[in-house]
Amino acid sequence: SVKLFVFRDRTKEEETNRLRDEFVSVVSHELRTPLASILGFSEIMLNRSVKPEKAQKYISTIHGEATRLSGLIGDFLDLQRIEAGKQSYRMLPLDLKPLTEDVAAQWDGRAGHAVRLTLPEGVCAVRSDGDRLKQVLHNLLSNAVKYSPGKDVVDCVLRPEDGRWVVEVRDYGLGIPEDAKPKMFGKFYRVDNSDRRQIGGTGLGLAIVKEMIEDLGGEISFDSVLGEGSTFRFALPALDLPAVDEAVL
Ligand code: ADP
């Protein structure tokens with residue numbers, strides 16, 4: 001008779017278990033905190049007569065916390081889908097310029113920050129998925145604003161470099177400590193410093209950004225000086241278009 005032995009990769013299994021445990025603890029904390037506040041404020045409103053001004057405040061807290069939960073679940077599902085190789089990308093020729101302008105306009109004036117845009121002349125064509133690129137740029141601008149409290153401007157630059165288009169987001173905020181730099185794109189990784197403990201987040205944003213940009217054939221990188229600010233950028237191969245195609249973009 002023939003016996004089959006299955007050799008399991010112990011270390012891989014242990015690492016998977018460790019990541020799962022860590023995941024369960026981070027997610028349960030991140031889910032419980034907003035839920036506790038939604039439950040608490042809605043219970044007050046159900047059980048007591050609340051003055052209209054207070055009611056407005058409570059409802060706005062409930063809405064804010066529910067929005068946070070919804071964002072967390074969305075990010076989590078996105079990352080799951082990408083890691084399972086199930087994220088689909090609609091690759092089409094597109095101009096990065098209006099796309100960048102669009103996302104920058106959404107952030108301009110938010111949380112007291114102006115977005116200063118620098119764009120080149122002409123069409124910046126790539127073959128990519130516009131919705132996913134918007135999501136990436138949105139995450140980078142969100143971080144730039146979030147991690148530069150008290151500053152009033154972030155820069156967003158689109159420029160050519162060695163046959164690629166580079167989209168760069170620069171802030172003048174907290175910056176990133178040296179020991180944190182290698183871990184920045186890790187799932188659930190957050191820099192734990194007293195100056196940023198109050199800032200909400202899950203540590204999923206940059207993990208999603210990296211996976212998406214790499215799936216799209218691009219490259220992500222950053223520079224940062226602690227206390228001075230950070231620059232995150234992604235680069236995508238430029239698409240050479242005949243003039244006739246440029247007209248339809
Ligand atoms: P989140 O913002 O939800 O924590 P991210 O994956 O987007 O998750 O970022 C991971 C960590 O990297 C953040 O917790 C933050 O400390 C740090 N970080 C990201 N972007 C910046 C930035 N522009 N400036 C300083 N720190 C940043």
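Both backbone and side-chain heavy atoms feed into the values below; hydrogens, waters and symmetry mates do not. First listed ligand is number 1; within each ligand, the first listed atom is number 1.
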Could you name the option among [options] that has the heavy atom nearest to [atom]?
atom	options	answer
atom 24 (N) of ligand 1	Gly203, Gly186, Ser230	Ser230
atom 20 (N) of ligand 1	Thr231, Val209, Asn143	Asn143
atom 23 (N) of ligand 1	Asp75, Leu140, Asp171, Val154	Asp171

Could you list which atoms of ligand 1 come closer than 4.0 Å to a heavy atom of [X]?
X	value
Leu206	5 (P), 6 (O), 7 (O), 9 (O), 19 (C)
Lys146	1 (P), 2 (O), 3 (O)
Ile176	25 (C), 26 (N)
Tyr189	10 (C), 11 (C)
Val191	14 (O), 16 (O), 17 (C)
Met184	12 (O), 17 (C), 18 (N), 19 (C)

Could you give the distance from OG1 (Thr33) to NE2 (His29), rounded to the nearest 0.5 Å?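 Answer rounded to 0.5 Å: 3.5 Å.
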Ile208 side, atom CD1; Asp75 side, atom CG - distance, nearest 0.5 Å: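 Result: 4.0 Å between the selected atoms.
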Shortest non-hydrogen contact between Ala238 and Val126, atoms and distance: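 Result for this residue pair: CA-CG1, 4.5 Å.
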Determine the minimum heavy-atom distance between Lys97 and Cys124, stating which atoms define it.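 Scanning both residues, the minimum pair turns out to be CD-SG, 4.0 Å.
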Ser70 side chain vs Ala66 backbone, donor-acceptor pair below 3.5 Å: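 Side chain of Ser70 to backbone of Ala66: no pair is present.
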Is there a donor-acceptor contact under 3.5 Å from the side chain of Asp129 to the main chain of Tyr89?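 No; zero donor-acceptor contacts below 3.5 Å.
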Could you tell me if any non-hydrogen atom of Gly173 lies under 4.0 Å from any atom of ligand 1?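 No heavy atom of Gly173 comes that close to ligand 1.
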Tell me whether Phe232 reaches ligand 1 (any heavy atom closer than 4.0 angstrom to a ligand atom).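 Judged by the 4.0 Å heavy-atom criterion, Phe232 does count as contacting ligand 1.
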State whether Phe185 and Lys210 meet the cation-pi test: NZ (Lys) or CZ (Arg) under 6.0 Å from the six-membered ring centroid, and within 45° of the perpendicular axis.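 Yes, a cation-pi geometry holds between Lys210 and Phe185.
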Does Ile199 approach ligand 1 within less than 4.0 angstrom via side chain, backbone, both or neither, non-hydrogen atoms only?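 No part of Ile199 is near ligand 1 at this cut-off.
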